[in-house]
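Start at 1 and go down the list; that is how both ligands and their atoms are numbered. Just so it is clear, the model here is predicted, and its values are computed rather than measured. Below, each value reflects all heavy atoms present in this structure, side chains not excepted, and no hydrogens, waters or symmetry copies.
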Amino acid sequence: MLGATSMRVHDVTLTLRPGMPTWPGEDGPRVEPLKRMARGDSSNVSVVTFGDHTGTHVDPPVHFLEGGATIDQLPLEPLVGRCRVVGYGDDDHISGHWLDGAGIGMGTERVLFKTRNSERWRDPTAPFDKEFIALDETAAHWLVRAGVKLVGVDYLSVEPFGSGKLGHPVHVALLRAGVVIVEGLDLHDVAPGDYELFCGPLKIAGGTGSPARVLLRQR
Ligand SMILES: [Zn+2]
């Protein structure tokens with residue numbers, strides 16, 4: 001039983017499951033039995049297959065910067081610590097101008113954006129939505145200037161759909177500055193405010209991304 005004084009821990013991780021939305025052209029996760037006690041094996045073991053940007057996941061620099069740091073080389077400090085969840089209610093992408101008035105204090109190192117995207121996660125198999133809210137390029141530069149070390153968003157990319165033809169300027173600005181990007185957070189059950197963040201991507205040698213378990217503890 002949770003007591004009234006327990007520090008509530010919020011799991012803001014998407015559940016990896018077949019049929020979950022993925023980036024167009026990427027297969028969803030597969031879980032296949034390797035050993036099954038029901039078939040006479042001594043244990044239950046499965047083989048799990050997924051793209052390394054599936055579900056709630058971390059983008060390391062190498063995702064868009066050839067030769068950049070890989071997932072196993074990420075610094076740990078940005079992944080754990082005090083974090084601000086910022087609520088955003090508009091239908092445009094998040095801009096630097098909007099961030100000027102968002103009340104993000106000096107010295108804030110970790111920022112997660114809760115937008116209307118999070119409502120989509122109430123249905124874990126809702127189809128991919130190209131109209132998701134993301135950061136525009138001015139927001140990326142704003143966050144770099146502010147000294148933010150980790151940015152999290154509640155859909156599958158930190159930048160608007162179709163940014164490939166522009167050279168993915170939001171990813172590149174953030175990754176070049178060493179900002180850790182977390183994508184695919186489910187914040188529908190989390191109120192804006194201050195939390196303690198724990199973000200644990202898998203330690204894959206040379207990994208170009210990794211699903212992560214992400215937890216927020218109420219402060
Ligand atoms: Zn990604």
Subject >> Of the N, O or S atoms in His57, the one nearest the Zn ion (ligand 1) >> reply: NE2
**OP:** Go through the side-chain N and O atoms of Asp52 and His57 and say whether any donor and acceptor fall under 3.5 Å apart.
**Re:** no
Original post:
When the ring planes of Phe128 and Tyr155 are compared, do they come out parallel, tilted or perpendicular, using 30° and 60° as the limits?
Top reply: tilted
Original post:
If you check every N/O/S atom of Glu183, which is the one nearest the Zn ion (ligand 1)?
Top reply: OE1
**OP:** Give a rough value, rounded to 10 degrees, for the angle at the Zn ion (ligand 1) between atoms ND1 of His53 and OD1 of Asp59.
**Re:** 80°
Original post:
Where does the angle between the aromatic ring planes of Phe132 and Phe161 fall among parallel (under 30°), tilted (30 to 60°) and perpendicular (over 60°)?
Top reply: perpendicular
**OP:** Give a yes or no on whether a salt bridge exists between Arg116 and Asp129, defined as a side-chain N under 4.0 angstrom from a carboxylate O.
**Re:** no
